[in-house]
Amino acid sequence: FMAGRENKRAKVEQIIGSYRITDTFIGEGSTGKVMLSFRLPDGKPAAVKIVNKSSRWLKEDAVKEIAVLQRLSHKNIIRIDAIEEDEKNL
């Protein structure tokens with residue numbers, strides 16, 4: 001999450017894989033927006049980064065980021081629970 005940035009609202013309300021994505025914007029990274037989401041079917045809250053697959057550059061960077069995060073284990077680094085994909089987003 002990016003400190004000092006204003007909380008923005010995005011018009012996203014969709015299901016990607018096993019997550020219901022809300023319209024609550026949490027933050028933004030170099031490859032996509034992070035939205036408050038809820039895991040289906042148990043309703044557990046999660047932060048989901050949405051990467052638009054129409055940009056090859058963004059998708060390639062996101063795949064690299066995922067590979068690095070999966071190898072790291074540190075209390076200050078988020079853990080990846082799942083990687084979900086639909087027609088437009090990773």
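Everything numeric here is computed off the predicted structure, so don't read it as measured data. For this chain, numbers begin at 1 and follow the sequence in order.
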Looking at CD1 of I26 and OG of S37, how far apart are the two atoms once the value is rounded to the nearest 0.5 Å?
7.0 Å
Show the atom names and distances, to 0.1 Å, of all donor-acceptor pairs under 3.5 Å that link a side chain in residues 68-76 to residues at least two apart or in another chain.
unit_1: R71; atom_1: NE; unit_2: A67; atom_2: O; d: 3.3
unit_1: H74; atom_1: ND1; unit_2: N76; atom_2: N; d: 2.9

Within the 3.5 Å criterion, strictly below it, is a donor on K49 or T31 matched to an acceptor on the partner's side chain?
yes
Just verifying a value: how many Å separate M35 CE and D23 CG, rounded to the nearest 0.5 Å?
6.5 Å
Is there a path of hydrophobic side-chain contacts, each under 4.5 Å between heavy atoms, that joins I80 and V63?
yes
Out of curiosity, I50 CD1 to E84 CD, how far, rounded to the nearest 0.5 Å?
12.0 Å
Rounded distance [0.5 Å steps], CD1 in I15 versus CG in L40
5.0 Å
Is atom NZ of K53 surrounded by more than 12 heavy atoms (other residues, nucleotides or ligands) closer than 6.0 Å?
yes
The single option from I83, D61, V51 passing side-chain contact (heavy atoms from CB on, under 4.5 Å) against I66
I83
For T22 and F38, which heavy atoms make the closest approach, and how far apart are they?
CG2-CE1, 3.6 Å
Any side-chain heavy-atom pair of Q14 and N89 under 4.5 Å
yes
Stepwise salt bridge (charged side-chain N to carboxylate O under 4.0 Å, His left out) check, R56 with E60
CA-CA 6 Å; R56 191 179 91 193; E60 288 174 1; 3.0 Å; yes
Heavy-atom pair of closest approach, residues Y19 and D81:
OH-CB, 4.1 Å
Any residue meeting salt bridge (Lys or Arg N to Asp or Glu O under 4.0 Å) with K44, in chain and number order, not counting sequence neighbours:
none
Given side chains that start at C-beta, do those of V34 and V48 come closer than 4.5 Å, heavy atoms only?
no
In terms of heavy-atom contacts, N52 and L58 come closest through O-CB, 4.3 Å
